[in-house]
Structures are given as structure tokens and as C-alpha cells.
Amino acid sequence: MAEYQLIVEGMSCASCVGRVEKALNKVDGVVSASVNVATERATVQTAHEINMDSLFKAVEDAGYHAIAPPSEDDEQQVILSIGEMSCASCVNRIEKALNKVAGVKSTQVNLATEKATVIGNHLDVAQLIQSVEDAGYTAQFLDEKKAQVIKPKQPSLWPVIISALLALPLVLPMLLEPFGIHWMLPALVQLILATPVQFILGARFYRSAWKAVKAFTGNMDLLVAMGTSAAYGLSLYQLIKWWGSGSMPHLYFESSAVIITLILFGKWLEARAKHQTTKAIEALSTLRPETATVKRGDKVLVLPIDQVKLDDIVLIKPGERIPVDGVIIEGASSSDESMITGESLPVSKQVNDYVTGGAINGEGLLTVRTTAVQAQSMLAKIIQLVESAQAKKAPIQRIVDRISAIFVPVILVIALLTLLAWGITQGNWEEALLNAVAVLVIACPCALGLATPTSIMVGTGIAARHGILIKDAQALETVHSIKAVAFDKTGTLTIGKPELVSFKSIPNMDDNQLLAIAATIQAGSEHPLAKAVLQAANERQLQYSYVQNLENIAGSGIRATVNEHCYVLGSSRWMQTLQADFGDLQNSVPALEAKGCTISWLAEQRADNVKILALLGFSDVVKEEAGPAIAALHQLGVKSIMLTGDNVSAANNVGKQLEIDEIVAQVMPMDKADKIYQMQKQYGKVAMVGDGVNDAPALAAADIGIAMGTGTDVAMQTAAITLMRGNPLLIADTIDISRKTYNKIKQNLFWAFFYNVIGVPLAALGLLNPMIAGAAMALSSVSVVTNALLLKRWKPKA
């Protein structure tokens with residue numbers, strides 16, 4: 001007996017379970033199959049060991065998608081939506097609670113997105129949620145596969161309006177006094193107006209404060225609850241003390257009521273502003289069509305998008321949003337990809353071109369074969385990247401977290417010292433209490449908690465809208481200090497579609513015969529030079545075949561056997577290593593290299609020597625944006641470096657044309673990372689820009705790896721930043737948006753600290769009225785979020 005576990009995606013009800021179980025039980029060797037729709041798990045018992053592919057196929061044939069579950073050693077990531085946070089100290093408390101759960105390696109809680117990202121092994125979601133609830137908050141599991149977008153809660157404005165209407169009569173006498181109007185509400189009326197504001201509309205502060213006290217910690221709501229309760233309590237004491245005396249005691253009901261009203265209003269404005277920071281994710285999520293028109297056999301079905309499978313044939317009408325990633329098998333049209341790549345102009349599409357889900361089909365009817373669905377689609381990956389960047393903390397935020405962890409206890413001590421100092425020295429405990437209240441109310445750690453994440457959210461969101469995908473907050477923070485950018489040449493600074501402009505064979509050999517051999521060797525390769533050879537062979541209508549025994553020599557070339565002869569096709573450097581005799585063909589090299597051509601050689605490898613058969617010269621066109629891109633980097637004070645495996649002459653030709661500061665040519669892929677390390681010692685922080693598999697080590701070695709979205713998935717996965725268009729001008733734009741975002745972070749932190757550094761001493765010295773303190777506290781949070789939102793005005797040069 002053997003047992004297999006599968007994860008089955010796409011099930012929605014009990015009938016789905018029956019269908020999947022029935023399909024699995026038909027597989028040869030299966031004894032029993034049980035499926036759980038809640039956990040999306042299938043457990044299959046077999047009489048003997050079988051190939052799991054047969055189980056996967058059975059599930060696929062039943063109309064669902066199956067994958068192998070993660071191994072026991074795989075690291076998990078769980079994302080929770082957190083409710084009832086109010087400030088940076090709440091963030092610290094939740095992180096501490098989650099870090100105590102078994103299996104948790106790291107936790108990041110983001111106040112702005114109201115999410116917790118937990119990484120570890122064997123994580124129990126229920127246990128994680130329970131730990132958050134025990135800390136005094138609410139938690140909800142977010143299923144990444146369903147791409148849930150949790151918007152910051154937008155509280156109703158009605159509590160604010162009601163609170164303002166009740167507080168206005170209390171504060172009206174103070175507003176009329178400058179005009180010589182001396183009027184005061186009866187004490188009992190003041191009590192009646194202030195009480196619902198304090199204990200009904202302000203109940204949220206007491207609930208949160210009580211949870212903080214139970215957890216032996218503090219938060220902003222504790223400060224507010226203590227401050228307003230002190231003002232309300234003092235007024236109630238004065239009212240009872242002077243009741244029946246006939247004189248009007250000095251009451252402070254207006255202070256507590258106005259403070260609560262202002263803070264409720266500030267919270268409403270803050271939530272409204274935070275809602276604006278999620279617009280980028282919301283805009284991307286709305287690009288997901290809910291249905292697709294699928295052709296299966298003779299039937300044309302309109303199916304929910306989660307029921308579309310790989311290799312399904314999808315029909316896309318003119319003007320429709322493309323539902324899946326796929327390749328066009330019939331039709332021609334244009335595609336508006338502006339919301340995905342930032343490219344403003346429609347892109348023409350024809351047979352064999354790829355289309356991206358979320359783009360809008362233009363004027364033609366398209367038939368597309370599906371190549372990626374749901375979480376594997378480009379749109380899903382983009383959303384995941386942006387959400388990941390917004391959820392993770394920037395390094396500077398960790399300093400803020402350490403400060404905020406001790407902030408509330410320090411404020412409580414300062415408030416107590418203020419009370420004692422004023423009471424003992426002045427003998428006026430009433431005034432002493434009011435000054436202590438002002439200290440508690442002005443000290444708002446909420447602005448500190450929002451200063452960094454709101455800037456990160458807006459910065460990464462606006463960058464994504466313009467085709468710049470930033471993997472995490474650390475990358476966004478690092479880019480601003482980049483001192484040099486290293487470029488790969490082909491596909492980055494050049495178009496990446498070289499043409500075979502020269503083919504010269506040795507005497508007494510037929511050009512077409514040798515070109516056909518070269519095409520046969522290159523037929524299975526995706527390298528740009530190989531495609532150029534195949535294009536030239538096709539233009540001459542030459543016949544070539546595919547060979548199975550290919551050997552790729554990284555950074556050098558390719559070796560293959562054709563008609564029992566061993567051929568090698570590759571660079572001059574490799575031919576020199578093989579001790580090949582270039583003969584008279586060597587004389588043609590200088591003229592080609594002077595034109596910036598890339599040189600390759602076709603040779604026959606024999607038992608005793610390597611005989612050169614033909615010289616191949618390739619030319620690639622420099623992108624028209626490359627020159628302005630290098631100039632834009634120079635304006636930002638950033639050095640430009642070309643790091644290429646191409647020959648020195650070809651590299652110099654492109655480098656001089658673009659006015660690149662430093663050119664490093666003839667570099668093997670495995671040596672590119674070492675070159676990056678050398679540049680880091682010379683310049684400081686270095687970014688690497690590339691688009692190919694051979695660039696992956698250098699992208700990983702650089703302080704920041706930037707991949708062209710037009711390149712390979714390997715490059716995109718390795719890089720910290722992906723440019724959705726092959727426009728090198730976006731590199732300068734990436735540095736620019738990073739610098740502007742980092743400046744916003746510094747501005748926000750300055751204002752957050754400024755409010756407290758100035759406000760707390762003023763309150764302690766008795767120079768700040770509690771109501772003014774409440775207004776300043778509310779204003780601090782709103783100003784921080786509003787300042788971050790100013791980033792939305794940024795426009796890229798690209």
C-alpha cells in the first residue's frame with residue numbers, strides 16, 4: 001500500500017468532491033480516494049507505487065487543477081488581515097504575540113495595509129489567529145490563491161457628526177467669549193451632552209485600552225482614554241463638590257468631548273487617506289475578468305475564470321479584456337497593455353505572439369491557447385509583487401518600531417511627573433491634571449507607525465502603474481542610494497534582435513550548405529544570435545533539421561553532431577581555447593568589429609584539430625531610448641557601466657555611441673558576479689540590469705537587480721525590480737521614484753517626531769490646552785498620510 005497527497009484547486013461544493021473522487025478512483029492501482037473541500041486536500045491510497053502524473057491528469061480531466069503539497073521542509077507564508085490596530089505600539093504587540101507561536105520564524109505587521117505576514121514551518125493558521133485575538137485584536141486568514149484585496153476599513157462619518165453636534169454647545173461659550181458674549185450652559189446640561197460622547201462614541205478607546213492593559217502594554221487609545229477620562233472625571237468631581245452651592249464650578253467637559261470628536265474625525269480622515277494608498281492594488285485587481293469564452297471540442301462555453309485550464313482555447317472578441325495569459329493561434333489585433341506595463345500605445349499582436357491577461361483586445365477577433373491561469377498568470381504575479389512590497393517593512397521602519405515600543409510607557413511617566421510637578425510646586429492639582437491630560441493627548445504614536453508604510457504603499461503603487469515592479473520595501477529604500485548601474489548589452493541597451501549581416505565561408509565551401517548546418521545546430525536554441533541564424537536560413541529557404549545531442553557551453557557556444565560530423569559554433573574566445581586556425585577569414589574581423597558587429601565562428605571539431613568553416617557577423621540595433629537613459633542617469637549623478645560577454649570592439653562601438661562611463665567586455669556569465677563585487681568596492685552600491693538567464697548571477701550579486709520584463713522568468717525571479725517594458729529610461733525613473741519615496745519617509749518621520757518633541761514639552765509646561773493637543777494629535781496622522789499621497793503626482797520620464 002502507498003499513500004499520496006494532492007492539493008486540488010477549483011472545488012466549490014460537495015458535488016465537486018464526488019467528481020474528483022470518482023476520477024481518482026478510476027486511475028489504475030488506486031484503492032480509495034477521499035477529498036476534503038475545506039482543506040482542498042485529496043488523500044489517495046494505492047495498491048502499489050504509481051506515477052503521480054496519472055493522478056494529476058485524472059483531476060485535470062475532471063475539470064480541476066492539482067498540485068503536489070509542499071514538503072515538510074518547505075517554508076510557509078501566511079498572511080492575516082488584522083483589525084482594531086491604532087498605532088505603532090499595536091504593531092509591536094501583535095508581532096511579539098505571533099513570534100511566540102510554534103514554527104514562526106519571522107513576522108511583519110503593517111499598520112497601513114492592516115496585514116501581518118508570517119513566515120515559518122508547519123504553521124497552524126488557527127493558532128496564529130488565536131494569538132492575535134489573545135493580544136486584543138481581530139484576525140482573518142487571507143488566501144493568496146484567491147487574491148483577496150482587503151481595503152482599510154472606512155468608518156462611517158455619522159459617529160463624528162453626532163459627536164460634533166454634542167460637543168459644539170459645550171465649546172460654544174469659549175468661541176463666543178472673544179466677542180464679549182459671556183454665556184455658559186448649565187452644569188447638568190454639560191454632563192448630559194458630554195457623557196454619551198465619552199462613553200458611547202468614545203467606547204472604542206476604552207475597549208482598546210482595556211485590551212492593552214490586560215496585555216501589560218500600552219497604545220495610543222490608552223493615552224486617549226486616560227486623558228479624556230481625567231478631564232471628564234475632574235469635571236464630574238467639581239460638579240458633585242459644588243452641587244447645591246449656587247455657584248458655577250469650572251468644568252472641563254468640553255475638553256474631553258472635543259478631544260474625542262477631533263480624534264474620531266482624525267481617524268476618519270486617516271482611514272479615508274489610507275484607502276487612497278490601496279488604489280494601485282484595487283486597479284490591478286479589477287483587471288481580472290470573471291469569465292472567459294472557451295472552446296472545448298465543438299462546444300463554446302462561457303466559464304468562470306477559475307475553471308479555465310492550461311491549453312484551453314479561449315476566444316476573445318474585439319474590445320474585450322483578455323482573461324488569460326496565452327499565445328495567439330489565430331487572428332490579429334492590437335493589445336492595450338497600459339495598466340500592466342505602463343506602455344501608453346497599443347501593441348500589435350499576431351499569430352505566435354503572447355498576450356497578457358488583463359490587457360484589452362483591440363479591433364480583431366483572437367483565438368488564444370492558454371499558457372498560464374490564476375496564480376501563475378502575469379497579472380497575478382504583478383499583484384503579488386506589489387502586495388509583497390507594500391506588506392514588508394523598510395529597514396528604516398525597524399528603528400521606528402524600536403522607538404515606539406518604549407514610547408507609550410515613557411509618555412505615561414512624563415504625564416505622571418507633570419501631574420506631580422505642577423501639583424506639588426503650584427498647589428493647583430486641577431491645573432496639574434489638565435497639563436497631564438494635554439501630555440497624554442498630544443503624544444500620538446500613530447503618526448510614527450504610518451510614516452513609513454504609507455509612503456512605501458504609494459511609492460510602489462504609482463511605480464507599478466507605470467510599469468516598474470518593486471519586489472519589497474527594502475529594494476525601494478536601497479535604490480535611492482545607488483551609485484552605479486551596470487548594464488548587460490543585448491536586449492537591455494540594444495533591441496535584442498540581432499541580424500546576421502555577414503556570412504563568409506572558407507574557399508571551396510558552399511555558403512548555403514554551411515548556413516544550413518549552422519541553423520541545424522541552433523534550431524533548438526532560444527538565444528538571440530541563434531534566432532538570427534534561423535531567420536537568415538529561412539529567408540534563403542534552406543532546409544535544416546533538429547539535432548538531439550546538443551551540448552551548450554555556457555558563455556561560449558554550442559557543440560552538436562550533424563551527419564556524423566562534430567561541429568562547434570561559438571565565440572572567438574572559445575575558438576582560441578580550442579586552438580582553431582582562423583586562416584584568411586581573420587582578415588575580415590576588424591572591419592566587422594569596427595561596425596560594432598558580434599563575431600561567431602562555425603568549425604568542425606576533428607580528432608586532431610578544429611577546422612574553421614565560416615565566419616558569422618551579427619549586428620544589433622541600439623534602442624532609441626538607451627542614449628537618453630544614460631544621460632538621465634548622469635543627471636542623477638549615477639555612473640553607467642556596460643558589462644557584456646561581447647567582443648571589445650562591438651562593446652566599445654555601443655558604449656561610445658551612448659557615452660557610457662565604463663565598458664567591461666568579453667566577460668563570461670560566471671565572472672559577471674565577480675565584476676559586480678569589484679564595482680561595489682570601487683563605487684559603493686551597484687545596480688545590475690539584465691534580461692537573460694546568464695544575467696541571473698550578476699542580478700543576485702548586485703545590491704539591486706533590475707530585470708527587463710521582456711526577458712526571461714529566471715531574470716525576473718532573481719531581480720528585486722522588474723521593468724515591464726524594455727525601456728531603459730525606466731531605470732532612471734526607478735531611482736527617481738525611490739529617492740522621492742525615501743524623501744517622503746524622512747519628511748513624515750520628521751513631522752511625526754516634531755509633533756511629539758515640540759508638543760510634549762509644551763504640554764508639560766502648561767502651554768498647551770488639551771483641546772489644542774487633541775487637534776494636533778489628529779492632524780499629525782492625517783498630515784503624514786496626506787504627505788505620502790502627494791507621491792501620486794509623480795510622472796516618469798519614460
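In what follows, every heavy atom counts, from backbone to side chain, and hydrogens, waters and symmetry copies are set aside. Note that this is a predicted model, so its numbers are computed, not measured.
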In Å, rounded to the nearest 0.5 Å, how long is the span from [atom1] of [X] to [atom2] of [Y]?
X      : Y      : atom1 : atom2 : result
His466 : Asn727 : NE2   : CG    : 13.5 Å
Gln522 : Ser600 : CD    : OG    : 8.0 Å
Ile468 : Ile721 : CD1   : CD1   : 8.0 Å
Ile470 : Thr741 : CD1   : OG1   : 7.0 Å
Gln76  : Asn121 : CD    : CG    : 7.0 Å

With sequence neighbours left out, the residues meeting side chain to side chain donor-acceptor pair (under 3.5 Å) with Ser588 are Lys504

Crowding at [atom1], [X] (>12 non-hydrogen neighbours, <6.0 Å):
X      : atom1 : answer
Gln586 : CD    : yes
Asp510 : CG    : yes
Lys309 : NZ    : yes
Asn512 : CG    : yes

Check the pair Ile641 / Met679 against side chain to side chain contact (heavy atoms under 4.5 Å, CB included), numbers first and verdict last. CA-CA 9 Å; Ile641 304 159; Met679 293 174 194; 3.5 Å; yes

Without hydrogens or angle criteria, can the side chains of [X] and [Y] be said to hold a donor-acceptor pair below 3.5 Å?
X      : Y      : result
Arg573 : Gln666 : no
Thr478 : Asp703 : no
Gln678 : Gln682 : no
Asp312 : Thr370 : no
Asp736 : Trp794 : yes
Ser505 : Asp511 : yes
Tyr683 : Asp661 : no

Compare every heavy atom of Leu366 with every heavy atom of Ser333, then report the nearest pair and how far apart it is. CB-CD2, 3.8 Å

Determine the minimum heavy-atom distance between Ala614 and Phe503, stating which atoms define it. CB-CZ, 3.7 Å

Suppose the criterion is side-chain hydrogen bond (donor to acceptor under 3.5 Å, both in side chains): which pairs have a residue in residues 607-618, not counting sequence neighbours? none

Can Phe487 and Leu633 be said to form a side chain to side chain contact (heavy atoms under 4.5 Å, CB included), step by step? CA-CA 12 Å; Phe487 292 88; Leu633 288 176; 3.6 Å; yes

Using a 4.5 Å cut-off on heavy atoms from C-beta on, say whether the side chain of [Y] contacts that of [X].
X      : Y      : result
Val568 : Met575 : yes
Leu613 : Ile506 : yes
Val610 : Gln579 : no

Who passes salt bridge (Lys or Arg N to Asp or Glu O under 4.0 Å) against Lys105, sequence neighbours left out? Glu75

Candidate list Glu659, Glu662, His634, test side chain to side chain donor-acceptor pair (under 3.5 Å), partner Ser640, passing option: His634

Evaluate the ring planes of Tyr742 and His480, with Trp represented by its six-membered ring, and classify them as parallel (under 30°), tilted (30 to 60°) or perpendicular (over 60°). parallel

Dump the intermediate steps for side chain to side chain contact (heavy atoms under 4.5 Å, CB included) on Ile706 and Met688, then the final yes or no. CA-CA 6 Å; Ile706 302 176; Met688 172 67 194; over 6 Å; no

May I have the step-by-step check of side chain to side chain contact (heavy atoms under 4.5 Å, CB included) for Ile328 and Val355, ending in yes or no? CA-CA 7 Å; Ile328 299 172; Val355 293; 3.8 Å; yes

